[in-house]
Amino acid sequence: MIGCSSFTLETKDKKHFLSRTMDFMMEMAEQVVYTPINKTFKVAYSVEQEITSKRAFIGLGEIQEYDHAPVTFDGVNDKGVMGATLYFPGYASYHEKAQAGTWAVSPDKVISVILSQAANLDDVAELFQEQITIVNDANPTLKAVSPLHFIFSDTTGKSLIVEPEEDGVHIIKDSIGVMTNSPDYRWHETNLRNYLSITPKQHDDVAFLGKTLKPFSQGSGTFGLPGDYTPVSRFVRTAFMKNNVEQPADETAAVSLAHHMLEPVSIPRGIVVTPNDTFDYTCYSAYICAESRSYYYSTYNNQRIRCVRLTPELLQETDYKEFKVNPKEDIDYQN
């Protein structure tokens, strides 16, 4: 199963980030893929329907052999629109076929479709409302229909959460910019009220039965902050960190901070075991900047932060381009 945690972040110099972990039982970090403007590709596996990209974009994913189309897990386009897909089991619901006048889009191709078309969050919302029907279409590799929901952001720093459920597609424009997995976003936001007493500040001494009791060491204000790896607890931890961390000064500081913020929700191999006795683990973490159109990432087996950017030179490319991930730890030996 895919886990994942995500959040948005703004720097003091008004750079905007969307960061996420990708948690899965198999390696997902193999290459960053570039898709150019004016590239035509299929948007579903079982329907012969194609679109042509209006926007160039990059993100971790793959170019599929059987239809030569991009599947992008997350990324950024040349207008600074960022998006990510996260697992949504037990809640995600799709249509059996496209509604009239819309594209039939496979769940795992939604990010590629949105990044190829949208110039801002208004475009993203309009695409979901008027142009896209997410259909029950199984990925041929996984042989399953992935239950997914999506988070988007752009250069405004605002976020958009999209959750396709049985009663329709919910487009949430007033979120706190944090998302994990099931239950749905509104449930998670309501659940934060259970943690209003948690604070980054140290508790004061307390008079107790004639004694003065002092907190142990530091961090007493965070007592009760959940530490498990469920989506509910990861949401609370991520929201708490986003609400209390020191605002980063610039892009580089934001990448470093986002990396540190995702570490407490990252899953080491062996900690979460699936019903099939495989391990869910954090394959990679991504830190995406809207303004510089930069895709920063680190992987489970190589924690060095790497970056692919939508440079003017890259934007001149007219075909797909892959930037292979180095899977080996990059250690700076100093003697």
Membership question, hydrophobic clusters at under 4.5 Å side-chain separation (ILVMFWY): are F7 and Y229 in the same one? no
Shortest non-hydrogen separation from R20 to A84 and the atoms involved: NH1-CB, 3.7 Å
Would you say L60 and M28 make side-chain contact, with heavy atoms under 4.5 Å? no
Distance-only donor-acceptor check, side chains T180 and R234, under 3.5 Å: no
Report yes or no: does E30 contribute a side-chain atom to a donor-acceptor pair with the main-chain N or O of V325 at less than 3.5 Å? no
When you measure from the side chain of S220 to the backbone N and O of H203, does any donor-acceptor pair fall under 3.5 Å? yes
With a 3.5 Å distance limit and no angle check, can you tell me whether Q247 reaches the backbone of E10 through a side-chain donor-acceptor pair? yes
For D167, does its backbone N or O pair with a side-chain atom of E165 as donor and acceptor, under 3.5 Å? no
Between H149 and F88, what is the ring plane arrangement, given parallel below 30°, perpendicular above 60°, and tilted in between? parallel
Determine, for D174 against R186, whether the closest basic-nitrogen to carboxylate-oxygen distance falls under 4.0 angstrom. yes
Would you say the side chains of K242 and T8 form a donor-acceptor pair under 3.5 Å? yes
When you check the side-chain N and O atoms of T72 and S112, is any donor under 3.5 Å from an acceptor? yes
Under 3.5 Å, is there a donor-acceptor pair between the side chain of N181 and the main chain of Y87? yes
Just wondering, more than 12 heavy atoms not from R304 lying within 6.0 Å of its CZ? no
Could you tell me whether a side-chain N or O of N302 sits under 3.5 Å from a main-chain N or O of N326, the two making a donor and an acceptor? yes
Do L315 and L310 have side chains that approach each other closer than 4.5 Å (heavy atoms only, starting at C-beta)? yes
Pairing donors with acceptors under 3.5 angstrom, does anything connect the side chains of S175 and S159? yes
Could you grab the distance from atom OH of Y94 to atom CD of E166, nearest 0.5 Å is fine? 13.5 Å
Worked verdict on D228 versus T230 for side-chain hydrogen bond (donor to acceptor under 3.5 Å, both in side chains): CA-CA 6 Å; D228 60 75; T230 63; 2.5 Å; yes
Verify same cluster id: I176, L257 (apolar side-chain graph, 4.5 Å): yes
Given side chains that start at C-beta, do those of F240 and L192 come closer than 4.5 Å, heavy atoms only? no
Other residues, nucleotides and ligands only: do more than 12 of their heavy atoms fall within 6.0 Å of CZ on R306? yes
We want to know whether T156 and D154 form a side-chain donor-acceptor pair, criterion being a heavy-atom distance below 3.5 angstrom. yes
Is the NZ or CZ atom of K109 positioned over Y45's six-membered ring, under 6.0 angstrom from the centre and within 45° of the axis? yes
Starting at SG of C307, measure out to CD1 of I58 and round the result to the nearest 0.5 Å. 7.0 Å
Validation row: T102, E130 side chains within 4.5 angstrom (heavy atoms): no
Would you check if there is a donor-acceptor pair between the side chains of D205 and T212 at a distance under 3.5 Å? no
Heavy-atom count check: over 12 atoms from other residues, nucleotides or ligands less than 6.0 Å from K79 NZ? no
Derivation and outcome, side chain to side chain contact (heavy atoms under 4.5 Å, CB included), residues S116 and T35: CA-CA 8 Å; S116 76; T35 301; 5.9 Å; no
Note, R293 side chain near R309 side chain (heavy atom, < 4.5 Å): no
I'd like to know if the side chain of T133 reaches the main chain of Q99, judged simply by a donor and an acceptor atom lying under 3.5 Å from each other, with no hydrogens or angles considered. yes
State, without any angle test, whether T252 and D250 hold a side-chain donor-acceptor pair at a distance under 3.5 Å. no
Pair T40, T52 - check side-chain hydrogen bond (donor to acceptor under 3.5 Å, both in side chains), show working. CA-CA 4 Å; T40 299; T52 299; 2.7 Å; yes
How long is the span from the CE atom in M82 to the CZ atom in F17, to the nearest 0.5 Å? 8.5 Å
Give me the atom names and distance for the closest heavy-atom approach of S46 to D137. OG-OD1, 2.9 Å
I'd like to know if the side chain of Q31 reaches the main chain of G61, judged simply by a donor and an acceptor atom lying under 3.5 Å from each other, with no hydrogens or angles considered. yes
Would I132 and V47 show up in the same hydrophobic cluster when neighbours are defined by side-chain heavy atoms closer than 4.5 Å? no
Checking side-chain contact (heavy atoms from CB on, under 4.5 Å) between L86 and each of D74, I161, I151, which is the one that passes? I151
Counting C-beta onward and ignoring hydrogens, is there a side-chain heavy-atom pair between V308 and Y34 closer than 4.5 Å? no
Going hydrophobic residue to hydrophobic residue with side-chain gaps under 4.5 angstrom, can you get from F279 over to Y284? no
Considering non-hydrogen atoms only, spot the tightest contact between I288 and G75 and give its length. CD1-N, 3.9 Å
Mind running side chain to side chain contact (heavy atoms under 4.5 Å, CB included) on S294 and E251 for me, showing each step along the way? CA-CA 10 Å; S294 296; E251 183 169 335; 3.8 Å; yes
Euclidean distance, S285 OG relative to H260 NE2, rounded to 0.5 Å: 12.0 Å
Let me see the working for F73 and I111 under side chain to side chain contact (heavy atoms under 4.5 Å, CB included), right down to the final yes or no. CA-CA 7 Å; F73 313 135; I111 295 296; over 6 Å; no
Is a donor from one side chain sitting under 3.5 angstrom from an acceptor on the other, for D13 and T11? yes
Any side-chain donor near an acceptor of the partner, S298 and Y287, under 3.5 Å: yes
Quick one: CE on M261 to OG1 on T21, what's the gap to the nearest 0.5 Å? 12.0 Å
V76 and L115: side chain to side chain contact (heavy atoms under 4.5 Å, CB included), yes or no, with the steps? CA-CA 7 Å; V76 61; L115 294 184; 5.9 Å; no
Side-chain donor or acceptor of S53 paired with backbone N/O of A56 under 3.5 Å: no
Q117 vs D123 side-chain heavy atoms within contact, under 4.5 Å: no
Quick check on the hydrophobic clustering: are M179 and F24 connected, directly or via other members, by side-chain heavy-atom contacts under 4.5 Å? yes
Let me confirm one number: the CG-OG distance from L18 to S6, rounded to the nearest 0.5 Å. 6.0 Å
State yes or no: are the ring centers of H68 and Y320 separated by less than 6.0 Å? yes
Taking atom CZ of F208 as the centre, report whether more than 12 heavy atoms of other residues, nucleotides or ligands fall under 6.0 Å from it. no
Stacked cation flag R269 on Y281, 6.0 angstrom / 45 deg: yes
Take atom CD in Q202; do more than 12 heavy atoms of anything else shown fall under 6.0 Å from it? yes
If you measure from the Lys or Arg side-chain nitrogens to the Asp or Glu carboxylate oxygens, is any gap between E291 and K15 under 4.0 Å? no
Does Q64 use its side chain to pair, donor to acceptor, with the backbone of V71 at less than 3.5 Å? no
Quick check: do S19 and L9 have side-chain heavy atoms less than 4.5 Å from each other? no
